[in-house]
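Here's the structure, in structure tokens; my notes come after.
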Amino acid sequence: MKRILLLFVALFALGASACTNLLVGKKASKNGEAYLTYSADSYGMYGRLLHYPAGTHAPGTMRRIVDGDTQKYLGEIPEAPVTYNVVGNINEHQVAITETTFGGRHELAPKNPMGGIDYVSLMALGLQRAKTAREAIKVMTDLVARHGYSSEGESFSIADPNEVWIMEMIGKGDEKKGAVWVAVRIPDDCISAHANQSRIHKFDLKDKKNVMYAKDVIKFAREKGYFSGKDADFSFSAAYSPADFGSQRFCDARAWSLFNHFVDGMDKYVDFVDGKHIGTSEVMPLYFKPKAPLELSDVMRAMRDHYEGTPFDITTNAGAGTNGAPYRPSPLTWEYKGKKYFNERPVSTHQASFVVVAQLRGNLPNPVGGVLWFANDEANTTPFVPIYCSLTKVPECFADATANDHTFSWKSAFWLCNWVSNMVYPRYDQLYPTVAKRRDNLEDYMLTAQKAADASLLHTLQTNPSELANEVNGYAQDWANTLMTDWKALGEYLVMKFNDQVVKKETRDGKWELTPDGICVAPERPGYPEQYRGILIRETGDKYLVPETK
């Protein structure tokens, strides 16, 4: 018997237990495109782009299941006769799958996961075996029913060019095999979001077209004592992932903040997400119709959100440090003199390993229509690079073998982008404007280059389809090289421009300003920003007051 040894460890995110997704239906976008976003957030995780080629498998071939978080061997299942090409979170049929972990009731988490399928492997299997989003839901739910489920509660975003779904799933503990789940289709003219808290509350049990669920999803909740009302009043979230302060403030608040970019009237749901009105506030709906259709650039921008201009804004208090950084040190909660405090948790975070935007275009053939825009660090300080779903060779800078979490390489986009971003964090208001401008310029270049590539690839698909993969691979390598060249130059510029906490002067044409003797003129020494000067004085009083001279 043949045994296939494809390990899907970290196909999506190794230990990515704090992630964020935004979902956009095809009629909620300007160009009829569907979008899924995914910020894969986990401190210490090395980000890379994995590729698994399409394949055919003889009867008796077995698939080895290894937990994507722990790398623990779980068992084997029969391999499918045919599997599809997968690049990161998208397959050759423009099916995309992303996730966030909500955990849910602790007693339902498997203590002995052997034999089951973990959520990382489950997403991979869905992508490899499905041609549509609906088919992926069936593949994934059939697999856990047959083999068991070995992870905590998960929210999955599952989409193709025509349909966008959220499916939520949680296991039954060690006593029973399988999982309970519900999947709801997001209306085509709406957007949705989830961020580590179950978002499906009540759902229409009779809407077979737009709602799917496990037959025992309510029955099992009754058996466990999680629910006792009428079926029509059943809430998946309330039953399997009861709200607490953290689930609202750290999680649902991120979904709220994404909606706040595109939906009017979100102020009414502040009480729901602030963590202080649990059980007394109006539940935030699963989806909304945006005030205007979204573009790809809007979706990318939303993944750079830090609650700016909202009640949760973290850029305007002492926690932002000397230079107004929208980042906070880990962990989320901390203690001082016996009391427990917390940091806000925004969408954009320095713990991101990678961020993707899946662009699903039904008006184009699948090999050209499906694009995974890939940022190999957090999206706020890193530009997105387009990767077509028909890719068959990952560029070296994104490849799994180039480096890892304990091996640095200048050939790795993850380490190069982190080199730049980690210069920005401690001097945010000084360095970020430069990085943001370079990021936007490079992204504009990528968007323009993609349009030209679309036309060329469509021509190749019609005239010489056997060459399509080579052309797709060539574009990906060229764009990856452009990122690496530009970002290395940016890092070198930042080191020189802002060395030793001063600011080197430049001429109008972008050259270093020199003295007549050919050395740099004296740099600017900006010191503390005005706002932080006030904070420092309030803390130290007259300790550093210069005495007046008589």
Side-chain angles (χ1 to χ4, degrees), residues 4 6 8 11-13 21 23 25-26 33-38 50-57 61-63 65 68 77-99 116-149 151 154-169 178-179 181-186 188 208-214 356 358-362 364-372 387-392:
I4 191 162
L6 292 180
F8 282 82
L11 172 60
F12 303 89
N21 289 189
L23 306 84
K26 63 181 181 179
E33 304 171 348
Y35 304 120
L36 285 188
T37 74
Y38 180 35
L50 300 192
H51 165 248
Y52 297 92
T56 57
H57 311 285
T61 301
M62 299 299 288
R63 170 64 162 274
I65 303 298
I77 66 172
E79 183 58 278
V82 176
T83 53
Y84 307 126
N85 189 68
V86 176
V87 182
N89 296 80
I90 192 171
N91 76 8
E92 63 180 277
H93 298 290
Q94 296 198 69
V95 177
I97 305 178
T98 58
E99 60 77 38
I117 301 174
D118 66 289
Y119 77 95
V120 177
S121 299
L122 193 60
M123 290 192 291
L125 291 162
L127 287 172
Q128 285 204 303
R129 301 183 181 201
K131 292 184 177 180
T132 67
R134 283 179 185 263
E135 188 176 346
I137 293 170
K138 186 176 189 314
V139 166
M140 295 165 74
T141 55
D142 284 353
L143 283 169
V144 297
R146 181 178 178 183
H147 301 287
Y149 181 61
S151 293
E154 285 288 330
S155 297
F156 298 100
S157 299
I158 306 173
D160 61 35
N162 297 308
E163 296 186 353
V164 175
W165 292 76
I166 289 180
M167 178 173 71
E168 297 194 328
M169 176 182 292
W181 58 273
V182 59
V184 176
R185 182 183 175 185
I186 306 306
D188 292 343
K208 304 302 183 184
K209 183 179 179 180
N210 300 300
V211 179
M212 294 183 273
Y213 51 89
V356 300
Q359 181 185 22
L360 311 173
R361 302 182 288 179
L364 295 174
N366 288 333
V368 181
V371 180
L372 192 74
I387 304 291
Y388 286 95
C389 67
S390 47
L391 180 93
T392 61

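For His93, the ring-ring contact (aromatic ring centres under 6.0 Å, His included) partners are Tyr84, not counting sequence neighbours. Under the rule for a salt bridge (Lys or Arg N to Asp or Glu O under 4.0 Å), Lys131 has no partner lying at least two apart in sequence or in another chain. For Lys209, there are no side chain to side chain donor-acceptor pair (under 3.5 Å) partners at least two apart in sequence or on another chain. Applying the side chain to side chain donor-acceptor pair (under 3.5 Å) rule to Asn21 yields the partners Thr98, Ser157, His194; only residues at least two apart in sequence or on another chain are considered. Checked against side-chain contact (heavy atoms from CB on, under 4.5 Å), Asp142 has the following partners two or more places apart in sequence or in another chain: Lys138. A search for salt bridge (Lys or Arg N to Asp or Glu O under 4.0 Å) contacts involving Arg129 returns Glu79, not counting sequence neighbours. Here Trp165 pairs with Glu163 under the side chain to side chain donor-acceptor pair (under 3.5 Å) rule; sequence neighbours left out. Under the rule for a side-chain contact (heavy atoms from CB on, under 4.5 Å), Pro81 has no partner lying at least two apart in sequence or in another chain. Residues passing the side-chain contact (heavy atoms from CB on, under 4.5 Å) test with Ala159 are Leu36, Val164, Leu360, sequence neighbours excluded. Applying the side chain to side chain donor-acceptor pair (under 3.5 Å) test to Ser390 and every residue at least two apart in sequence or in another chain returns nothing.
For the residue pair Glu99/Tyr38, the side-chain donor-acceptor check at 3.5 Å is satisfied. With no hydrogens or angles considered, no side-chain donor-acceptor pair links Gln94 and Asp160 at under 3.5 Å.
Inter-residue side-chain proximity for Met140 and Trp181 is flagged as unmet; no heavy-atom pair is nearer than 4.5 Å. Arg63 places a side-chain heavy atom less than 4.5 Å from the side chain of Ile65. For the pair Ile166 and Val184, the minimum side-chain heavy-atom distance is 4.5 Å or more. Residues His147 and Pro78 meet the side-chain proximity criterion, which asks for heavy atoms closer than 4.5 Å. Residues Tyr149 and Ile117 are not in side-chain contact: their nearest non-hydrogen atoms beyond the backbone lie 4.5 Å or more apart. Using a 4.5 Å heavy-atom threshold, the side chains of Ser121 and Met123 count as separate. Side-chain contact between Leu125 and Ile77 is present, with heavy atoms from C-beta onward closer than 4.5 Å.
Here the shortest heavy-atom pairing between Val144 and Ala179 reads CG2-CB, 4.3 Å. Minimum heavy-atom separation, Met212 to Ile137: CE-CD1, 3.6 Å. Between Val368 and Leu364 the shortest heavy-atom distance is CG1-CD1, 4.4 Å. Nearest approach of Leu391 to Asn85, heavy atoms of both residues: O-ND2, 3.1 Å. Nearest heavy-atom pair, Pro161 versus Ala34, reported as atom, atom and distance to 0.1 Å: O-CB, 4.2 Å.
Formation of a donor-acceptor pair under 3.5 Å by the Asn91 side chain with backbone atoms of Gln128 is not found in this model.
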Side chain to side chain contact (heavy atoms under 4.5 Å, CB included) between Ile158 and Arg134, worked out: CA-CA 8 Å; Ile158 306 173; Arg134 283 179 185 263; over 6 Å; no

Verdict with reasoning, Thr83 to His57, per side chain to side chain donor-acceptor pair (under 3.5 Å): CA-CA 8 Å; Thr83 53; His57 311 285; 3.0 Å; yes

Side chain to side chain contact (heavy atoms under 4.5 Å, CB included) between Leu122 and Phe156, intermediate numbers included: CA-CA 10 Å; Leu122 193 60; Phe156 298 100; 4.1 Å; yes

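Rounded to the nearest 0.5 angstrom, Asn162 CG and Thr132 OG1 are separated by 9.5 Å. Here the straight-line distance linking atom OH of Tyr213 with atom NZ of Lys208 works out to 3.0 Å at 0.5 Å rounding. We find the SG-CG distance between Cys389 and Leu372 to be 9.5 Å, quoted to the nearest 0.5 Å. With rounding to the nearest 0.5 Å, the separation of CD1 in Ile90 from CD1 in Ile387 is 11.0 Å.
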